[in-house]
Amino acid sequence: MSEEFPLKKVRNIGFAAHIDAGKTTTTERILFYSGRVHRMGEVHEGSATMDWMEQEQERGITITSAATSCRWNDHRVNIIDTPGHVDFTMEVERSLRVLDGAIVIFCAKGGVEPQSETVWRQADRYDISRLAFVNKMDVVGADFSNVLSEMRERLGARAVPLQLPIGAEDDFRGIIDLIEQDAVYSEDELGIEVYRDEIPDDMREIAETARSEMLEAACEFDDGLMMKYLEGEEIIPEDIHRALRRGTLDNEIVPVLCGAAYHNRGIQLLLDAIVRYLPSPADVPAIEGVHQKDGGKVQRRPEDNEPLAALAFKIQTDSYVGKLAFVRVYSGVLRAGTYVYNSNRESKERIGRIVRLHANHRENVEEVHTGDIAAVVGLKNVSTGDTLCYEDEPIILKSIEIPEPVISVAIEPKTREDEERLDRAMRSLAEEDPTFRVDYDQETGQTIIQGMGELHLEIICDRLLREFNVGANIGRPQVAYKETITRPAEGEVRYVRQTGGRGQYGHVHLEIEPLEDLGFEFVDEIREGVIPKEFISDVEKGVRQALDTGHLAGYPMMGVRVRLVDGSYHQVDSSEMAFRIAGSMAFNEAVEDAEPVLLEPVMRVEVVVPSEYLGDVLDDLSRRRGQISDMGHQDVARVVRASVPLSEMFGYATSLRSVTQGRGTYTMQFEEYAPAPKPVAEKVIARGAPY
C-alpha cells in the first residue's frame, strides 16, 4: 500500500449503465466536487473530460473506457467510466473484471433498460458489489418507485433505498436522507453548497415507512443493530452504515440513491456512499490463479509483501508514448525500471514508465502498489488479459471473456502506401480492442474486418481514415453467420501419397459431437502410442483449419467437440503435414454425416414507441422474423421487446423513423446464435461466404 492511502482507504469503482443514463455527466460532477477538475465538462458540448476522443465528442457518447482518480474524505477513488452502447460492451467487460465495486446508473424515466440488464449480469459474473444511482429525477416522466420495482423484478436485485426524492420532474428540489432523517437541498446552481433541513410534512409518513424497511434490511447483517431496533433503543447513523456496508460487500443488498447529475443534485451524497459502502481491495478475497508450470491453484493476498500479480486489462495506442498497458495490481509492488514476467506468453519485459491516468492526461510515478490501477509504458509483447508477475513466482490469473463479433465489412486500401498504413493501423486497433478482428481472404485478396455492430465498425473505419490517415474503400456490412453440427458422427481417413523417395502417411480416426456452449474442444484419446505425441497437435491444427472454412457456405464452424480415438503412423513416411491433412479430411468426412446447419446471430431488440404506432411497429418486426417476447409501458409510450435476426435489422432505424414519424427509438444487442430457417439457410448457402 502507498504511504498516502492505506489499502482500506482505496476504492476501485466503475460507472456502468444503458446509453444516455448519465454516466459521464455523473463522473464529471464527481471530479468537480472532489477538486480533481475546476470546471465541469458537458457531454453535449463535447467538453467532457472523460470523453476525450474526437468521435466521442462529435457523437456525444462514450466509446472507450477512461480511467481517472480523485480524493474524497481521505480516500482515493480510482474511477473507470465505461460506454453504454452495446457495441462497446467489451469495454465494460474488461473494466468490471478488475474493479471491486460498481455504480450502476439508471435513468429515472427509462428505468431498467436493455444495456442496464447486460451490465448487471456482467457484474453478477464477477461478483462485484454495487450501488444504484437513479439519475435524471428532473426529467419529464421521472419515477423513482418504478425504477425500484423494475430493479427487483427484472434484475432480481434486493434494492434498498437510502434516499427518497423530494418531488420529480420540474418539481424535483431535494433529497430525503433516510439515515440522517433530514432533507438535503442545494443553495447554489452549481450544487457546491448544500444544507440540511427538516423533512417536508407531506413526506414524513412515506419517509418513516421507507426508513423502517431500510432498517429491517440492515438488521440482517448486524446483530447489535437488530437488538437496538427490536428494543427501541436509539440508533446512530454509524450503526446503519456498518450494517449496510456488510450487506453490500456480501452482495446481499443494493443501496439505492437518487439525484440529477446534470443539475448538480445528489453527487456529494453519492461520493459519501462510495467510500462508506463499496469495498476496498482489502475487502475482496485473495485473487486466485493457476501456477504456470504445474497448473495448480495459487492465491495472492492483497498485500505489498506478496509476490507480484497484475492483470493487463486494456491496451491503448498513444501517438506520443506508443503502447500503453492498463494494469490492475492485485498483489505486490510494480516498479518502473524493473523486469516482469508475462506468464501467458512466457516472456520477460522491462517496465519503462508507469503513469497514473486522468482520461488522456498522465502523471509519472515510480511505483504502484497493491490495489492500484495504472498504465505501463514500454511493454511490447502484452495483450488484453495477460498476467504480469515474477519469473520465480509465476501465476496466470483468469483472463477476460471476449464476445464473438457478429458483423463484418470488406476494406481495401486505395494505394500501395495506404496498404502498408492500413496493415499497421489494423494491428494497432486489434491490440486495443479484442472484439475487432481482421481476416484476409486468400482467394479474393480482400481484407475483412469484424466487429460487434454497425456503430462499432463505423467508429473503427472513422479512426482508420482520420487517426491513422489511411485511404480506403469500405464495403457494405455483412452478417457473421456460423455453422455447427446437430448430431454425433465419425470420420476416418488414411492419407497416403507416394511420389518417389519419402512418401506421406497419416491415418486418423475422429469422433465428433455437438457442444452446447458453441465453443470448440479437442480431446486426445489415443492410447498406447498408436499416433506419436508429436503428431497429435498437427491433427488438431488440421481440424481447426477445417473449422475455419466451414462446410455449408464457408463460414466458421462452432459448437463442436472432436475426439481423436484411433489412427496409425509409418516409421518413415509420417510427417506433420500428413497428419494435418488427414485431420482436416477426417473432420470434413465426419461433418457430412453430422447434419450441419447454418447459425445466424439473433439480436435482442427493445423499441419504445407512442401507443398509436404500436400496430405498425409490431407488423414491421413480424416481417423481419421478429419474435415478440414482452410488451410493457414507459410513461405514455409502449415498450416492445423482441428477438430479431441481425440480417433483418439493416436499415431498421430509417424504417422505424418512417412508421413513427420520427418518434420511435430502439436499442439492439446480441442475444444468441440460432439455427437459420431452411429458406434463409438455402439462400445464404447458395450465395456462399461474402468474402
Side-chain angles (χ1 to χ4, degrees), residues 292-295 344-347 381 437-446 448 482-515 517-598 685 688-689 691:
Q292 187 214 21
K293 299 290 192 294
D294 58 27
N344 296 79
R345 303 182 182 280
E346 301 184 9
S347 62
N381 187 28
R437 309 277 175 84
V438 182
D439 288 318
Y440 300 93
D441 191 306
Q442 300 295 335
E443 293 182 9
T444 65
Q446 282 185 307
I448 314 301
K482 304 287 186 184
E483 299 177 18
T484 192
I485 59 173
T486 56
R487 72 181 190 86
E490 59 183 87
E492 184 174 5
V493 166
R494 196 183 304 268
Y495 178 74
V496 183
R497 292 290 183 276
Q498 195 72 46
T499 56
R502 182 178 172 179
Q504 296 284 348
Y505 181 93
H507 174 208
V508 171
H509 185 182
L510 301 176
E511 292 180 357
I512 66 174
E513 60 188 29
L515 197 61
D517 65 0
L518 293 183
F520 169 70
E521 189 177 318
F522 183 85
V523 184
D524 173 17
E525 294 186 357
I526 292 297
R527 299 290 179 269
E528 298 176 0
V530 294
I531 297 178
K533 284 270 182 212
E534 61 264 29
F535 294 137
I536 302 296
S537 62
D538 296 296
V539 177
E540 182 178 354
K541 287 175 184 175
V543 171
R544 287 184 180 275
Q545 285 176 353
L547 281 169
D548 289 342
T549 55
H551 181 79
L552 296 172
Y555 289 99
M557 186 165 281
M558 59 197 299
V560 183
R561 177 184 287 117
V562 177
R563 295 201 304 274
L564 175 58
V565 296
D566 200 2
S568 63
Y569 75 104
H570 189 278
Q571 289 279 9
V572 176
D573 291 347
S574 286
S575 65
E576 295 174 355
M577 175 72 74
F579 274 99
R580 191 175 304 179
I581 294 171
S584 178
M585 294 173 65
F587 179 77
N588 285 327
E589 181 182 287
V591 170
E592 289 275 1
D593 297 328
E595 296 178 5
V597 296
L598 189 76
I685 292 169
Y691 308 120

Once you round to the nearest 0.5 Å, how far does CD of E525 lie from CD1 of I536? 11.0 Å

Would you say the side chain of F535 lies within less than 4.5 Å of the side chain of E576, judging by non-hydrogen atoms? yes

I'd like to know whether V560 forms a side-chain contact (heavy atoms from CB on, under 4.5 Å) with I512, so could you lay out the CA-CA distance, the side-chain angles of the two residues, the decisive distance to 0.1 Å, and finally the verdict. CA-CA 7 Å; V560 183; I512 66 174; 4.2 Å; yes

Taking atom NE2 of H570 and atom CZ of R494, what is their separation to the nearest 0.5 Å? 11.5 Å

Nearest heavy-atom contact between E513 and I485 is C-CD1, 3.6 Å

Indicate yes or no: at least one non-hydrogen side-chain atom of F579 is less than 4.5 angstrom from one of V508. yes

Just wondering, do T486 and V597 contact through their side chains at under 4.5 Å, heavy atoms? yes

Roughly how far, to the nearest 0.5 Å, is CD1 of I685 from CG of L552? 4.5 Å

Regarding H509 and E490, do their side chains bring together a donor and an acceptor under 3.5 Å, going by distance alone? yes

Smallest separation among heavy atoms of G491 and E589, with atom names: CA-OE2, 3.4 Å

Shortest non-hydrogen contact from V539 toward L510: CG1-CD2, 4.3 Å

When you measure from the side chain of D573 to the backbone N and O of Q504, does any donor-acceptor pair fall under 3.5 Å? no

Is Y495 close to H507 at the side-chain level, that is, under 4.5 Å between some pair of heavy atoms? no

State the NZ-CG distance between K482 and L547, to the nearest 0.5 angstrom. 11.0 Å

Check: R497/Y505 side-chain N/O donor and acceptor closer than 3.5 Å: no

Which pair of non-hydrogen atoms, one from N381 and one from S347, has the smallest distance, and what is that distance? ND2-OG, 3.5 Å

How about V493 and F587: do any of their side-chain heavy atoms sit closer than 4.5 Å? no

Spell out, as yes or no, whether a donor-acceptor pair under 3.5 Å connects the side chain of E483 to the backbone of Y555. yes

Of all the heavy-atom pairs spanning I526 and I531, show the shortest one and how long it is. CG2-N, 3.8 Å

Within-4.5 Å side-chain heavy-atom neighbours: Y569 and V530: no

Show the numbers, then the answer: is there a side-chain contact (heavy atoms from CB on, under 4.5 Å) between I448 and V438? CA-CA 6 Å; I448 314 301; V438 182; over 6 Å; no

Would you check if V562 and V523 make a side-chain contact, meaning some heavy-atom pair closer than 4.5 Å? no

Between E521 and R563, does any NZ, NE, NH1 or NH2 come within less than 4.0 Å of an OD or OE carboxylate oxygen? no

Do the non-hydrogen side-chain atoms of R561 and F520 ever get within less than 4.5 Å of each other? no

Spacing of S584 atom OG and D538 atom CG [to the nearest 0.5 Å]: 12.5 Å

For R437, which residues count as a side chain to side chain donor-acceptor pair (under 3.5 Å) partner, sequence neighbours excluded? none

Can you name the closest pair of heavy atoms from H551 and V591 and give their distance? CG-CG1, 3.6 Å

Please check if the side chain of R487 supplies one atom and the backbone of P514 the other of a donor-acceptor pair under 3.5 Å. no

Ignoring hydrogens and angles, tell me if any N or O in the side chain of S574 forms a donor-acceptor pair with the backbone of Q571 under 3.5 Å. no

